Amino acid sequence: NAGVTQTPKFQVLKTGQSMTLQCAQDMNHEYMSWYRQDPGMGLRLIHYSVGAGITDQGEVPNGYNVSRSTTEDFPLRLLSAAPSQTSVYFCASSRAAGMNTEAFFGQGTRLTVV
Amino acid sequence: AQSVTQPDIHITVSEGASLELRCNYSYGATPYLFWYVQSPGQGLQLLLKYFSGDTLVQGIKGFEAEFKRSQSSFNLRKPSVHWSDAAEYFCAVGAYSSASKIIFGSGTRLSIRP
């Protein structure tokens, strides 16, 4: 099983550029999330989705957009990159709520905005 | 809203010594609780989880954690640490109604003294 796959692994952007971080899972999970990890701050939830066509904001959504057109994919879009968005980004997926479930994480995307 | 506090930013223990990492959570109902480990440059791996039932849960790699509702705590323990346990450890809390909205603590970095 591939699990949760994130691409790219590394990316350098210039301020103002846009890009999309890709996330795909092959476990037929309903729930998917995006987190950013910054030193001393742990993982902070950016956006999450409870199923295809449904998304919601997390703790730090500003500057990011998401969509969920299929169960498998949950891309994260940076509309106009800023140095404050330099971080490591993790995508996670999990089964339906109310069940004995856990989040599975991708390997991360290290993004630098210069 | 959920929140998680890990009061220790960095802990150093000697190889073979016992370990306890602290985690306090805030959530109005019965929480889902998790401990994840992150090795340098890697994604997150689930160590153990608590959903209900026995308040002492066993995980992988010889770790265990105890849920104490009266103290709102979910501390991670290991009787004897190995050099390979050096990593960053994250406590997380999830809401029963939304498995994807998992909130993480800021993490505790564990170093092992030879």
Side-chain angles (χ1 to χ4, degrees), chain A residues 2-7 9-10 23 25 27 29-52 54-61 66 68 71 74 88-110, chain B residues 1-10 21-26 29-54 57 59-60 65 74 87-109:
Chain A
V4 180
T5 303
Q6 289 183 236
T7 55
K9 287 186 169 50
F10 301 93
C23 176
Q25 53 92 8
M27 297 173 281
H29 285 171
E30 290 189 25
Y31 292 85
M32 297 186 74
S33 316
W34 275 103
Y35 293 83
R36 58 176 291 172
Q37 183 178 26
D38 303 292
M41 305 192 75
L43 282 81
R44 293 181 291 170
L45 183 63
I46 304 172
H47 286 286
Y48 66 102
S49 168
V50 300
I54 306 170
T55 63
D56 205 347
Q57 296 181 349
E59 302 168 273
V60 289
V66 292
R68 184 95 180 272
T71 299
F74 191 45
V88 181
Y89 292 84
F90 287 98
C91 179
S93 74
S94 53
R95 289 194 297 153
M99 301 171 65
N100 188 358
T101 186
E102 67 188 76
F104 293 83
F105 285 81
Q107 290 298 300
T109 296
R110 184 174 295 274
Chain B
Q2 313 115 271
S3 68
V4 179
T5 302
Q6 292 180 251
D8 302 307
I9 296 173
H10 183 204
L21 301 183
R22 295 184 291 166
C23 172
N24 292 96
Y25 70 90
S26 174
T30 299
Y32 289 167
L33 294 162
F34 309 86
W35 275 100
Y36 284 86
V37 60
Q38 183 182 34
S39 298
Q42 300 297 310
L44 282 81
Q45 181 183 22
L46 181 71
L47 282 176
L48 48 79
K49 60 193 176 190
Y50 171 80
F51 291 111
S52 64
D54 193 347
V57 293
I60 62 171
F74 189 57
E88 186 137 24
Y89 292 79
F90 293 95
C91 182
V93 60
Y96 179 85
S97 61
S98 175
S100 64
K101 196 173 180 182
I102 298 174
I103 303 299
F104 284 79
S106 55
T108 298
R109 185 161 61 93

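Because the structure is predicted, anything quoted here is derived from the model rather than measured.
Applying the 6.0 Å contact sphere to CZ of A/Arg110 captures no more than 12 heavy atoms from other residues, nucleotides or ligands. Within a 6.0 Å sphere centred on CD1 of B/Ile60, other residues, nucleotides and ligands contribute more than 12 heavy atoms.
Taking both residues in full, the closest heavy atoms of A/Phe90 and B/Gln42 are given as CZ-O, 3.9 Å, listed atom of the first, atom of the second, then distance. Between B/Ser106 and A/Gly40, the shortest heavy-atom contact is CB-O, 3.6 Å.
Note that the CD1 atom of B/Ile102 and the CG atom of A/Leu45 stand 9.0 Å from one another [nearest 0.5 Å].
Looking only at distances, no side-chain donor or acceptor of A/Tyr35 sits under 3.5 Å from a matching main-chain atom of B/Phe104.
With a threshold of 4.5 angstrom between heavy atoms, A/Gln6 does not approach chain B through any atom at all. At a 4.5 Å heavy-atom cutoff, B/Gln45 makes no contact with chain A through either its backbone or its side chain. With a 4.5 Å cut-off on non-hydrogen atoms, B/Leu46 touches chain A through its side chain but not through its backbone.
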